[in-house]
Asks: 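This structure is in C-alpha cells; I'll ask about it shortly.
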Number of protein chains: 2
Amino acid sequence: MEDIVRETGVSRYGIYGTFGNKRELFEQALEEYAEGMGKRSFLRLLEPDASLDHIRTIFAERVADMSCCDESKGCLFIHTAMELAPQDEELRGVLQKFMKRMGKAFAVGLESAKARGEVRPDLEVKAAGELLTSTMFGLVVLGRTGFSRDVLDGIVESTLASFR
Amino acid sequence: MEDIVRETGVSRYGIYGTFGNKRELFEQALEEYAEGMGKRSFLRLLEPDASLDHIRTIFAERVADMSCCDESKGCLFIHTAMELAPQDEELRGVLQKFMKRMGKAFAVGLESAKARGEVRPDLEVKAAGELLTSTMFGLVVLGRTGFSRDVLDGIVESTLASFR
DNA sequence: TTTAATTCAGAATGTTCATTCTGTTTTAGT
DNA sequence: ACTAAAACAGAATGAACATTCTGAATTAAA
C-alpha cells in the first residue's frame, strides 16, 4: 500500500475510502489488467483474417517480456493463480472468466487459421485453445527460472507445429 | 519458522544452528523435495520399457493432486519459480538443474515409446521433453484457478496425441 | 558424581506492513 | 466571503514474523 500511495500520488484516505481495503483494490486492478490485456493481445484473434501468425505473435510478445529486464516477469494472472486463487473464490472466478475467454479467443483464431488452410481440418480448436492457454502459463514458469529464449521459442513452435 | 518448529519438534536453536537461516533451510528442503519427486515419478521413464503410458501416469498423478483437497495444489518447484527464482540465482540454478533433468527424462521416455511405435518416428524428443515440462507447470496454474479435471486431462491428451 | 558443553523452550527484539486516527488544508455550495 | 463537507499528509496502532537472547535442563566426559 505504501508503494501504491507513493506511485499514484493518491492518499491512503482516498484509497481506503474508495476501495475499502487492499483486497478489493486488488480485485479491481486485476479486472482492469485482464480487460486491458484482452484488448491489447487477444482481440485481434477474433478478426476474420486471424492467422497462426497472430497466435505466434502473442506468444512472441510474452517470451520477449520474459527474456528481457528483471522486472515484469510473468503477469498478474499467473501470480494471482499461484498465490491467491485457491483460497479466494471470487478471485478464482475472475481468473476463470478471463482464462476461458483467452482459450475461446485462441479457438476462434485457430478456426480462422483452419479456413486459411494453416492448420489441419480435423483439429479440435476448443481443446487446442485450452492447450494454448496452459502453454502460455507454462512458458512463464520456465521463463522465471531462467530458461533461454531459444527453449521458450522452441516450445511455442513445437506446439504450433502440432496443429498442422 | 514458527510452523516448522512446531511440526518438526526441533527447537529454533537446533534449526538455526544447523541451517543458519530460513533461506538455507529452504534451499536444502527444495533439493530434497526435487530428489524425492525425481525418484518417485521420473526414474521410471529411464527404464528401457518406458511407454507413453508412463508419461500419462505422471500427468494423471499431478492432475489428481490438483483436483482433490484444497491442500497441496501445485508443487514446491512452481512456487519457488514464481516467487523466488528471478531474484535468487542459486535457487534458480537448483530449479534449472531439476527441470532440465525432468525434460531429459521425458525425452528418454519418448525415445523408448518411439521404439515401441507409440510415437511417430520423426518426433524430436528433446523439444518434446521441454514441451512436456512446460505443460506440467501450465496444468498446475490452471488447476489452481479451479479448472475441472476434464479440462486438465484434455490438455494432457491433446499434447500426447500430437506426438503420434 | 561433578563439570563443561549442548540443547532446550520460550521471551525479547526489531522490522515490515495494513489499517486507522488526527489535525490541517482544500473544495463546493450559498 | 463563510460554512460544511471532503481530502490530505503523516503519525499511531497492532499484528505477523525472522532472528537473537536467556536461563534452565540434559547429556557426555572425567
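Below, all heavy atoms of this structure are taken into account, side chains as well, without hydrogens, waters or symmetry copies. Because the structure is predicted, anything quoted here is derived from the model rather than measured. Each chain gets a letter, A, B and so on, in the order its sequence line appears, and its residues count up from 1.
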Asks: Could you tell me the separation between the CZ atom of A:F19 and the P atom of C:dA18, rounded to a whole number of Å?
Replies: 16 Å
Asks: Do side-chain atoms of A:Q96 reach the backbone of B:T145 as a donor and acceptor pair under 3.5 angstrom?
Replies: yes
Asks: Could you give the OH-to-C1' distance, from B:Y16 to C:dC8, as a whole number of Å?
Replies: 16 Å
Asks: What is the distance, rounded to the nearest whole Å, between atom CZ of A:R12 and atom P of C:dA18?
Replies: 9 Å
Asks: Could you pull out the closest heavy-atom pair between B:L46 and B:A105, with the gap in Å?
Replies: CD2-CA, 4.1 Å
Asks: Give a yes or no on whether a salt bridge exists between B:R40 and B:E61, defined as a side-chain N under 4.0 angstrom from a carboxylate O.
Replies: no
Asks: When the distance from CD of A:E24 to C1' of C:dA18 is rounded to whole Å, what number comes out?
Replies: 15 Å
Asks: Given C:dA18, D:dA9, C:dC8, identify the nucleotide with an atom nearest to the side chain of A:S11.
Replies: D:dA9
Asks: Report the distance from atom OH of B:Y13 to atom P of C:dT6, rounded to the nearest whole Å.
Replies: 8 Å
Asks: Which whole-number value in Å describes the distance from B:I15 CD1 to C:dC8 C1'?
Replies: 12 Å
Asks: May I have the distance from A:K22 (atom NZ) to D:dA15 (atom P), rounded to whole angstrom?
Replies: 17 Å
Asks: When you look at NZ of B:K104, are more than 12 heavy atoms from neighbouring residues, nucleotides or ligands closer to it than 6.0 Å?
Replies: no
Asks: B:D3 has an atom CG; how far is it from atom P of D:dT19, in whole Å?
Replies: 14 Å
